[in-house]
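Contents: one structure, followed by commentary.
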Number of protein chains: 2
Amino acid sequence: MMVRKKIPEKSVERICRYREILLEYQSIGKEFIFSHELASEVRVSPAQVRRDLMYFHLKGVPQQGYRVSEFLYEIDDLIDPKEVQDVILIGVGNLGKAILSYFTHKRPKLSIVAAFDVDANKVDRVISGCECFHMRDLQKFTREREIKIAIITVPAQEAQAIANTLVESGIRGILNFSPVLLKVPADVYLECIDITTSLEKTVYFSRGRR
Amino acid sequence: MMVRKKIPEKSVERICRYREILLEYQSIGKEFIFSHELASEVRVSPAQVRRDLMYFHLKGVPQQGYRVSEFLYEIDDLIDPKEVQDVILIGVGNLGKAILSYFTHKRPKLSIVAAFDVDANKVDRVISGCECFHMRDLQKFTREREIKIAIITVPAQEAQAIANTLVESGIRGILNFSPVLLKVPADVYLECIDITTSLEKTVYFSRGRR
DNA sequence: AGGCAATTGTGAATTAATTAACAAATTGTT
DNA sequence: AACAATTTGTTAATTAATTCACAATTGCCT
């Protein structure tokens, strides 16, 4: 079987954004898209778009561009898991709820199947369309359902302990929103969204403009 | 007056993370830190840390490392605005609330001074420690207080319109959490946090590991 | 059908980011 | 007071990411 070239993070990120735009195009009935159209939507160069396209084999035609449906098919094939991926979320605070309601049915291949919290008001209820369990069942659930992906939205102090539990239970990837630089083994993929850093960056780069 | 070298985004990001660790060190009373300690905390190479340090002039001493307090001072001096920056947040849903409560007194130089929403239950109340006004006052407030930074946490459909209003009112930087690729003039800094893309990335890179 | 204009696909060139490497400096030790 | 062991600061080397540039296509127009 042929091994697909490994795709760098940056490209995967851009490809996900392309999909967003392509879905929009599809929804308004446009059948074709040019590299420069996609590029201007995503704020990259047309050359960059075409370069990213080399990771999969999409044939565009000069004067016409790429067929949107075909483009989307290729992205799905490249990026999406083959089977539906079950994801869990830990920490049903404001942030957790935002993510839950946000993700419901966003992508057919991604499904947040359970949320966990310690708060009795949340446990055993459906919150933002997702069933919420007590934290004490986290490990059991993760193991039995063989969950590979988790989203952490708990306060800073608890984050590392939860990450540890998850790793122990066989998690392969963590999307972390808690304001802590988690430590996980090198073979567990860790994506961190650090809101403070983002704001600080915004402030920094906003100065010295005009 | 000497012009400070322009610092690339990646370095600013790392420097913000360094600060996080340094504050931790400070809080547990450690006076010095080595480049390799900081590096392992932030998951970069020691050489990278030292390289980043070249953007400001911090003298470390062999065998001892960098003085934490001095290090923090230099970061503040480099990254933080000289005066307190007033920031506003638009969209007091779950995500907005999460950010509000999260940021209160997080950084002395950054202050979310107002939030905006259309919901009558939120307007004219203090939510997560922040005063909430009606959306219709957004432009007036932004102009009068000369707000330069805004955080957008509204649903997708409204995001672009709000961005337009903000730009018109003189905003210089936007931190956008709404799932839309906003269009703003090139001289307005735009930082986007795209939760969907992050999750998709996590899923993608979690496969093919063990 | 032939020519014009636009757009793709991809090596080559460029620029940016990271790592390697090592002299200079400093501390503690004998 | 010389030595050994570290760790810094920085230049050079390497690797990664982006842009350039242009031949090869294709559609459209006359």
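Within every chain, numbering begins at 1; the chains are lettered A, B, ... in the order of the sequence lines, protein sequences first and strands thereafter.
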Can you tell which of [options] lies closest to the side chain of [X]?
{"X": "A:Phe34", "options": "C:dT7, C:dA17, D:dA17", "answer": "C:dT7"}
{"X": "B:Lys59", "options": "D:dC20, C:dT26, C:dA17", "answer": "C:dT26"}
{"X": "A:Gln63", "options": "C:dA5, C:dA20, C:dT26", "answer": "C:dA5"}
{"X": "B:Pro8", "options": "C:dT18, C:dA17, D:dT8", "answer": "C:dA17"}
{"X": "A:Arg50", "options": "C:dC22, D:dT19, C:dT8", "answer": "C:dT8"}

Legend entry - Residue whose nearest DNA chain D nucleotide is more 5′ - A:Val61 or A:Glu9: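 Its nearest nucleotide lies further toward 5', so the answer is A:Glu9.
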
Inset, instruction - Return the 5'-most residue of the pair B:Leu53, A:Lys10 with respect to DNA chain D, ranking by each residue's nearest nucleotide. - result: B:Leu53

Legend entry - Side chains of B:Asn164 and B:Gln160, donor plus acceptor under 3.5 Å: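 A donor-acceptor contact under 3.5 Å links the two side chains.
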
Inset, instruction - Go through the side-chain N and O atoms of A:Ser128 and A:Tyr102 and say whether any donor and acceptor fall under 3.5 Å apart. - result: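 There is no such pair (donor and acceptor under 3.5 Å, judged by atom type) between the side chains of A:Ser128 and A:Tyr102.
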
Legend entry - B:Tyr55 OH to C:dT18 P, straight-line distance once rounded to whole Å: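 Value for this atom pair: 9 Å.
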
Legend entry - Polar pair under 3.5 Å, donor/acceptor by atom type, side chain A:Gln48, base D:dA17: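 Side chain to base: no pair present.
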
Legend entry - Pairwise 5' ranking along DNA chain C for A:Arg51 and A:Gln64, keeping only the more 5' one: A:Gln64

Inset, instruction - State plainly whether the residues A:Lys106 and A:Glu20 are in salt-bridge range, i.e. N to O under 4.0 Å. - result: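 Looking at A:Glu20 together with A:Lys106, the answer is yes, because their closest N to O distance falls below 4.0 Å.
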
Inset, instruction - Fit a plane to each ring of B:Phe141 and B:Phe116, take the angle between them on a 0 to 90° scale, and name the class: parallel (under 30°), tilted (30 to 60°) or perpendicular (over 60°). - result: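 If you compare the ring of B:Phe141 with that of B:Phe116, the planes turn out perpendicular.
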
